[in-house]
Amino acid sequence: MLANPNFGTVISESGQAYTWSENAHEFRLTPWHNDPVSDASGEAFFLRDEESGHFWSPAPLPSRGAGAYVTRHGFGYSIFEHDEDGIGSELCVYVAVDAAVKFSVLKVRNLSGRPRRLSATAMWNGCLEICGPRRRCT
């Protein structure tokens with residue numbers, strides 16, 4: 001759990017997360033599924049090689065790449081590292097100490113030795129869009 005008194009997120013070792021404001025149960029900003037087997041999430045990041053069409057996630061889920069992942073959780077942050085087809089990535093997630101802000105910092109390195117065309121996409125399936133402000137999502 002990464003949180004301050006009024007805002008936070010729960011993030012698993014696979015990178016799946018949900019975020020809330022004020023109350024983790026009543027005011028979810030993204031969906032939470034209480035299922036440790038599927039580890040589903042309403043938040044995701046993807047990297048895509050625009051030349052080949054190959055895509056993967058910088059964290060193990062939702063779209064696992066071919067190589068190994070390293071996940072590190074520390075006091076106030078989670079970091080996911082991965083190398084895929086000559087592209088290194090590091091995703092660092094943390095919450096501001098005194099504001100309702102979640103940071104997801106994605107660093108991408110070209111380790112292939114040749115020019116690459118990549119895209120990065122972030123997705124949040126927000127309860128605010130589905131339920132409206134201050135309503136409980138189901």
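Residues Ser89 and Asp83 come closest through the heavy atom pair N-OD1, 4.3 Å. Trp20 approaches Phe7 most closely through the heavy-atom pair O-CD1, 3.2 Å. Here the closest non-hydrogen pair linking Cys92 and Ile79 is SG-CG1, 3.9 Å. Of all non-hydrogen atoms in Asp98 and Asn4, the two that sit nearest each other are N-ND2, 4.2 Å. The minimum heavy-atom distance linking Val95 with Gly8 is given by the pair CG2-CA, 4.4 Å. Here the closest non-hydrogen pair linking Ala120 and Leu47 is CB-CD2, 3.8 Å.
For the residue pair His54 and Glu84, a side-chain donor N or O sits within less than 3.5 Å of a side-chain acceptor on the partner. Ser78 and His73 share a donor-acceptor pair across their side chains, judged by distance under 3.5 Å alone.
For Lys102 and Glu43, the salt-bridge test passes: some basic side-chain N is under 4.0 Å from an acidic carboxylate O. For Arg116 and Asp49, the salt-bridge test passes: some basic side-chain N is under 4.0 Å from an acidic carboxylate O. A salt bridge between Arg72 and Glu81 is present, with a side-chain N of the basic residue lying under 4.0 Å from a carboxylate O of the acidic one.
The backbone N or O of Arg114 lies less than 3.5 Å from a partner atom in the side chain of Asn110, making a donor-acceptor pair. In this structure, Asn6 contributes its side chain and Ala100 its backbone to no donor-acceptor pair below 3.5 Å. For Thr71 (side chain) and Glu13 (main-chain N/O), a donor-acceptor pair under 3.5 Å exists by modelled atom type.
In this structure, the separation between CD on Glu50 and OG on Ser119 is 3.5 Å, given to the nearest 0.5 Å. With values rounded to the nearest 0.5 angstrom, Ile11 atom CD1 is found 13.0 Å from Met1 atom CE.
Linking Ile, Leu, Val, Met, Phe, Trp and Tyr residues whenever their side-chain heavy atoms come within less than 4.5 Å places Val93 and Val108 in a single cluster. Both Leu2 and Phe80 belong to a common hydrophobic cluster when Ile, Leu, Val, Met, Phe, Trp and Tyr are linked at side-chain heavy-atom distances under 4.5 angstrom.
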Which pairs would a plain distance check flag for residues 56-70, meaning a side-chain donor or acceptor within less than 3.5 Å of a matching protein atom at least two apart in sequence or in another chain?
from: Ser57; atom 1: OG; to: Phe45; atom 2: O; distance (Å): 3.2
from: Ser57; atom 1: OG; to: Ser63; atom 2: N; distance (Å): 3.0
from: Ser57; atom 1: OG; to: Ser63; atom 2: O; distance (Å): 3.4
from: Tyr69; atom 1: OH; to: Ser57; atom 2: O; distance (Å): 2.7
from: Tyr69; atom 1: OH; to: Gly65; atom 2: N; distance (Å): 2.9

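Between Val105 and Tyr94 the shortest side-chain heavy-atom distance falls below 4.5 Å.
Grouped with Leu111 in a hydrophobic cluster is no other residue, since no side-chain heavy-atom contact under 4.5 Å to another Ile, Leu, Val, Met, Phe, Trp or Tyr is found. In this structure, Phe46 belongs to a hydrophobic cluster whose other members, linked by side-chain heavy atoms under 4.5 Å apart, are Phe55.
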